[in-house]
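Here is the naming used below: chain letters follow the sequence lines, and residue numbers restart at 1 for every chain. FYI, side chains are in, hydrogens and waters are out, and symmetry mates aren't considered; it's all heavy atoms of this structure.
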Protein chains: 2
Amino acid sequence: MIEEEVLSSKDDLLKLDRQLCFALYSGARGIIRMYRPILEKLDITYPQYLVLLVLWEYGQMNVRDMGEKLFLDSGTLTPLLKRMERQGIVLRERSIKDERTVLISLTDKGRMLKEEALSIPLQLANNLDIDRKEYETLMVALKRLIAKMNL
Amino acid sequence: MIEEEVLSSKDDLLKLDRQLCFALYSGARGIIRMYRPILEKLDITYPQYLVLLVLWEYGQMNVRDMGEKLFLDSGTLTPLLKRMERQGIVLRERSIKDERTVLISLTDKGRMLKEEALSIPLQLANNLDIDRKEYETLMVALKRLIAKMNL
DNA sequence: AGCAAAAATATTGTACACAATTATATGGAG
DNA sequence: CTCCATATAATTGTGTACAATATTTTTGCT
């Protein structure tokens with residue numbers, strides 16, 4: 001009996017239930033799923049929402065800096081930003097100072113979306129039924145983890 | 001001064017730094033990025049690794065049950081499992097009892113991969129430099145959150 | 001038995017992610 | 001001033017995610 005437990009303990013490390021990464025992975029997908037119906041009303045996806053968050057907070061920015069904020073590369077951002085440009089919520093223009101860079105900025109439509117977005121954080125918090133303390137605890141733990149990764 | 005702070009507090013809710021979802025999203029991607037070089041040696045991706053974890057733990061299973069374990073639908077799983085079949089690590093066969101279902105099982109190659117995978121959890125824990133306690137705390141918090149989502 | 005509804009998987013189409021490569025522009029060494 | 005290493009985006013190719021739809025099989029009902 002005891003031997004059996006000892007023997008099985010190595011296998012336990014591979015149980016799905018014990019995987020921190022799977023908890024993160026499914027947690028992220030789950031919460032993005034909760035954003036979906038809300039963001040659909042603004043006709044944007046979650047990664048597009050992240051781009052807007054950055055632009056609302058910092059204003060005009062080139063692709064590289066945007067990528068540093070979101071941990072995304074040009075392979076992901078270029079087509080994503082082109083879609084947002086087609087929808088008329090951002091502008092993409094080559095910098096005159098440095099023709100290598102492309103500056104991303106908000107259109108009036110993009111700026112106006114912020115008004116509609118102001119209520120989103122609260123909606124999410126309500127839907128998740130999470131209190132301020134639990135929120136902060138999880139946030140701190142996640143940031144400690146992220147800090148340890150070589151992003 | 002005070003007014004300004006009050007006025008800006010609403011905006012703060014939209015700051016990237018305050019988004020639990022972004023922390024989850026980038027944390028998940030960051031940790032999957034740490035798995036990549038390790039899983040590359042086994043010639044599998046992270047979602048494929050999850051499929052193997054399920055099969056190693058539970059044995060043969062149909063697509064629906066696999067999807068319930070991983071929160072993935074057939075639209076994602078079917079092509080993923082076909083790729084794994086081409087690589088010779090799983091078998092896909094229509095059930096005789098119920099021709100609607102497709103049973104997924106491990107090949108010898110798939111079973112043998114488990115031996116190589118046994119060291120992965122420890123490698124990850126080391127690379128992340130996370131201790132048992134912090135690990136458990138984060139795990140509990142994440143599971144509480146996931147339980148509140150309607151997956 | 002016969003048939004409509006439900007169940008399981010597959011397919012189609014869109015949108016990320018990301019590695020690897022390409023194309024263009026800049027800046028500095030000689 | 002020229003050339004070359006570096007920097008920045010874009011492109012290409014592969015692999016997920018997921019909504020919506022289609023296909024096939026089973027089940028429940030009369």
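- Ranking dT16(D), dT11(C), dT11(D) by closeness to the Thr78(B) side chain, first place goes to dT11(C).
- Glu68(B) places its CD atom 14 Å from the C1' atom of dT9(C), with the value rounded to the nearest Å.
- For the OP1/OP2 pair of dA15(C) and a distance below 4.0 Å, the side-chain nitrogens and oxygens of Tyr46(A) include no atom meeting the criterion.
- Across dT16(D), dA17(C), dA10(C), the shortest atom-to-atom separation from the side chain of Leu72(A) is found for dA17(C).
- Map Pro47(B) and Glu40(A) each onto its nearest nucleotide of DNA chain D; the residue landing nearer the 5' end is Pro47(B).
- Rounded to an integer number of Å, the gap from Phe71(A) CZ to dC16(C) P is 19 Å.
- Of the candidate nucleotides dA9(D), dG15(D), dC18(C), dA9(D) has the atom lying nearest to any side-chain atom of Arg64(A).
- Put simply, Lys82(A) has no side-chain N or O that comes within less than 4.0 Å of OP1 or OP2 on dA15(C).
- Among the heavy atoms of the strands lying under 4.0 Å from Thr45(A) are primed sugar atoms or P, OP1, OP2 only; no base atom is included.
- Comparing dA17(C), dT9(C), dC16(C) by their closest approach to the side chain of Arg94(B) singles out dT9(C).
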Criterion side chain to side chain contact (heavy atoms under 4.5 Å, CB included) on Leu145(A) and Leu128(B), from CA distance to verdict: CA-CA 8 Å; Leu145(A) 186 72; Leu128(B) 268 177; 3.9 Å; yes

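- Across the protein-nucleic acid pair, Arg29(B) atom CZ and dT16(D) atom C1' stand 14 Å apart, rounded to whole Å.
- For Arg29(B) and Tyr25(B), the positive end sits near the middle of the six-membered ring, less than 6.0 Å away and at most 45° from its axis.
- For the atom pair CE (Met84(A)) and CG (Leu52(A)), the distance works out to 4.0 Å, reported to the nearest 0.5 Å.
- Residue Val63(B) has its side chain nearest to dA10(C) when only dC16(C), dA10(C), dA17(C) are considered.
- Regarding contacts with the backbone of dA10(C), a side-chain N or O of Arg92(B) is found under 4.0 angstrom from either OP1 or OP2.
- Going from atom CD of Glu99(B) over to atom P of dA10(C) covers 13 Å, rounded to whole Å.
- Contact check, Asn62(A) against dT8(D): no side-chain N or O comes under 4.0 Å of OP1 or OP2.
- Contact annotation for Thr76(A): base contact, defined as any heavy-atom pair under 4.0 Å involving a base atom.
- For the pair Leu103(A) and Arg100(B), nearest-nucleotide mapping onto DNA chain D gives the more 5' position to Leu103(A).
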Worked verdict on Arg100(A) versus Asp98(A) for salt bridge (charged side-chain N to carboxylate O under 4.0 Å, His left out): CA-CA 5 Å; Arg100(A) 287 172 303 183; Asp98(A) 183 345; 2.9 Å; yes

Lys15(A) and Asp12(A): CA distance, side-chain angles, deciding distance, side chain to side chain contact (heavy atoms under 4.5 Å, CB included) verdict: CA-CA 5 Å; Lys15(A) 283 201 193 311; Asp12(A) 284 355; 3.1 Å; yes

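- Residue Arg83(A) places at least one side-chain N or O under 4.0 Å from the OP1 or OP2 atom of dC16(C).
- Comparing dC18(D), dT26(D), dG15(D) by their closest approach to the side chain of Asp73(B) singles out dC18(D).
- Counting to the nearest Å, the C1' atom of dT8(D) and the CD1 atom of Ile104(A) are 12 Å from each other.
- The Arg36(A) side chain lies nearest to dA19(D) when the options are dC16(C), dA19(D), dT9(C).
- Between Leu81(B) atom CG and dT11(C) atom C1' the separation is 15 Å, expressed in whole Å.
- What separates CG of Leu39(A) from P of dC16(C) is a distance of 11 Å, to the nearest Å.
- Electrostatic pairing of Lys148(B) and Glu134(A) counts as a salt bridge here, judged by a charged N lying under 4.0 Å from a carboxylate O.
- Side-chain to base pairing of Ser74(A) with dA10(D): one donor and one acceptor N or O lie within less than 3.5 Å of each other.
- Look at CD1 on Ile31(A): it is 14 Å from P on dC18(D), rounded to the nearest Å.
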